[in-house]
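We count ligands from 1, going down the list as the structure has it; atoms in each ligand are counted the same way.
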Amino acid sequence: MSGTLDTLDSVDLALRNKQTVMWINPGRGASGKPGKAWGSELIGEADIFKASERFKKFAPVLTTLFPELEQSNGIIESPLLKVPKLQDALGLSSDSGRLFVKADHGLPIAGSIKARGGIHEVLEFAEKIALGRGVITEGDPKNVLSLAGKELLNQYSVAVGSTGNLGLSIGVIASALGFEAIVHMSADAKEWKKTRLRDRGVNVVEHEGDYAAAVAAGRTEAEQDLYCHFVDDESSFSLFVGYSVAALALQKQLAEQQVIVDEHHPLFVYIPCGVGGAPGGIAFGLAHLFGSYVHCFFAEPTEAPCFLVAMKDDSGGHPSVYDIGLSNHTEADGLAVPRASERAVEVMRPVLSGVFTIDDDMLFKHVHTAWQAESIKVEPSATAAFDGPLWVTESLAGRAYTAANGLEPYLANATHIIWTTGGLFVPSGEYDKFYARGESLKG
Ligand SMILES: *Cc1c(COP(=O)(O)O)cnc(C)c1O
């Protein structure tokens with residue numbers, strides 16, 4: 001993203017001017033397969049199934065710790081909602097396909113998409129320690145809840161740097177399993193999230209700086225402690241692959257609703273993006289299951305489009321949003337990330353369809369629309385992807401994409417999925433403010 005002003009293209013200019021824009025990834029390959037390397041590690045489809053098995057194995061443990069999981073037999077999953085009224089409200093014509101919402105805003109335990117990756121990583125860490133000491137067996141982890149299990153895990157701590165939601169997820173699961181939990185929060189983090197964690201005995205450390213600074217501080221502190229596991233949002237594969245399990249669930253839910261995905265029935269998926277782990281993990285899973293028939297787009301705030309900036313750069317410099325004069329200031333606290341995960345970017349290079357941006361006012365308007373149309377209660381970060389279907393079907397860039405991929409004759413058969421990523425535990429006083437702000441912005 002360096003370059004003199006006269007070498008900037010129209011997407012660069014829009015980004016620098018904080019105008020909303022859609023960028024199409026020129027590097028998307030015909031196979032629709034994701035990258036095979038996570039740093040120096042080889043990754044693939046089998047990793048998704050391994051993570052899914054881990055969640056299944058731990059389901060009885062999770063049900064014991066979190067009785068709200070009884071209905072789902074310990075599985076952390078969200079419904080795929082039909083949303084005809086939201087489709088009307090957003091102005092997506094039925095000639096352009098059918099709209100669904102993947103309702104991660106209601107995921108139990110964490111109240112956001114972070115329930116997926118965060119819980120997976122803490123379970124994997126607990127499993128490793130308990131297996132190593134012979135407290136549990138390979139196939140049955142129930143004894144992590146025994147006195148010996150708790151005493152063992154209590155010797156360890158789990159730390160994380162977070163703008164809020166990852167901290168909520170890690171803090172709650174880690175402390176429930178008996179770990180000491182330490183959450184490093186950035187200045188963007190909302191007060192109620194800190195309070196919720198402190199109420200559960202989590203040690204919340206506040207940092208003046210941005211999200212990247214909170215992560216760096218946490219990482220440094222953890223490095224000095226052999227009994228501390230640091231959940232690294234920028235480079236953890238366990239987190240990433242925990243998110244990817246959502247793809248298996250979605251595949252099953254689409255089949256249950258008789259939704260076809262093939263050459264003549266394209267699937268478009270729109271996911272809010274911060275550091276890129278959650279949307280990247282999900283897109284990784286979907287790409288393995290649906291290949292080139294799935295088209296994933298990420299959504300970012302105009303002030304924090306870190307994944308777009310990194311994907312677009314081919315100099316190897318892995319730029320941040322500060323490098324193009326942006327502030328990283330956004331009300332979308334879940335997305336306020338200045339620099340993307342380099343590993344997630346590399347895995348996404350051959351497969352991501354594109355990235356679009358949204359301004360903060362629009363996030364609040366969509367919060368209002370989601371409630372008005374479908375009684376869906378979401379936080380601002382979780383509405384970042386709402387404009388996805390119109391970007392793809394109505395904008396010049398989107399139309400060029402559908403034309404280049406031979407999709408125009410099949411748009412009426414298309415399925416569009418907006419991923420709503422958080423909201424369940426937002427206190428009602430906070431939510432009412434978001435809603436009122438959206439209402440007044442609509443005028
Ligand atoms: C964290 C988060 C995201 C994005 O996940 P990343 O892994 O940071 O890209 C999206 N929405 C919400 C509500 C989040 O908390």
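Residue, atom and distance of the protein heavy atom nearest to atom 4 (C) of ligand 1 are Gly274 N, 3.4 Å. In terms of protein heavy atoms, atom 10 (C) of ligand 1 is closest to Leu335 CD2, 3.4 Å. At the shortest separation from atom 8 (O) of ligand 1 among protein heavy atoms lies Val275 N, 3.0 Å.
The proximity of Ala278 to ligand 1, defined as any non-hydrogen pair under 4.0 Å, involves the side chain as well as the backbone. At a 4.0 Å heavy-atom cut-off, ligand 1 does not touch Val337 at all. Contacts with ligand 1 closer than 4.0 Å are made by side-chain heavy atoms of Asn165 only, the backbone lying farther away.
For an aromatic pair to be called close, the ring centres must be under 6.0 Å apart, and Phe55 with His120 satisfies this. In this structure, the ring of Trp419 has its center no less than 6.0 angstrom from the ring center of Tyr270. Taking the six-membered ring for Trp and the full ring otherwise, the centers of Phe125 and Phe179 sit less than 6.0 Å from each other. Close placement of the Phe284 and His288 rings is indicated, their centers lying within 6.0 Å of each other.
Side-chain N/O atoms of His229 and Glu121 include a donor and acceptor closer than 3.5 Å. With no hydrogens or angles considered, a side-chain donor-acceptor pair links Ser327 and Glu303 at under 3.5 Å.
Figure legend: cation-pi geometry between Lys377 and Tyr431, with NZ or CZ positioned under 6.0 Å from the six-membered ring centre and within 45° of its axis.
Within ligand 1, counting atoms from 1 as listed, the ones closer than 4.0 Å to a heavy atom of Cys273 are 9 (O). Interface atoms of ligand 1 facing Pro272, defined by a heavy-atom separation under 4.0 Å, are 4 (C), 10 (C). The contact set between ligand 1 and Thr421, taken as ligand atoms under 4.0 Å from a residue heavy atom, comprises 10 (C), 11 (N), 12 (C), 13 (C). Atom numbering of ligand 1 starts at 1 in the shown order; those under 4.0 Å from a heavy atom of Ser381 are 13 (C).
Here the straight-line distance linking atom CZ of Phe307 with atom CG of Leu335 works out to 13.0 Å at 0.5 Å rounding.
The closest non-hydrogen atom to atom 1 (C) of ligand 1, taken over Lys114, His105, Glu234, comes from Lys114.
For the pair Pro279 and ligand 1, the shortest N or O to N or O distance does not fall below 3.5 Å.
At least one heavy atom of Gly276 sits under 4.0 Å from some atom of ligand 1.
By the 4.0 Å N-to-carboxylate-O rule, Arg219 lies close enough to Glu234 to be salt-bridged with it.
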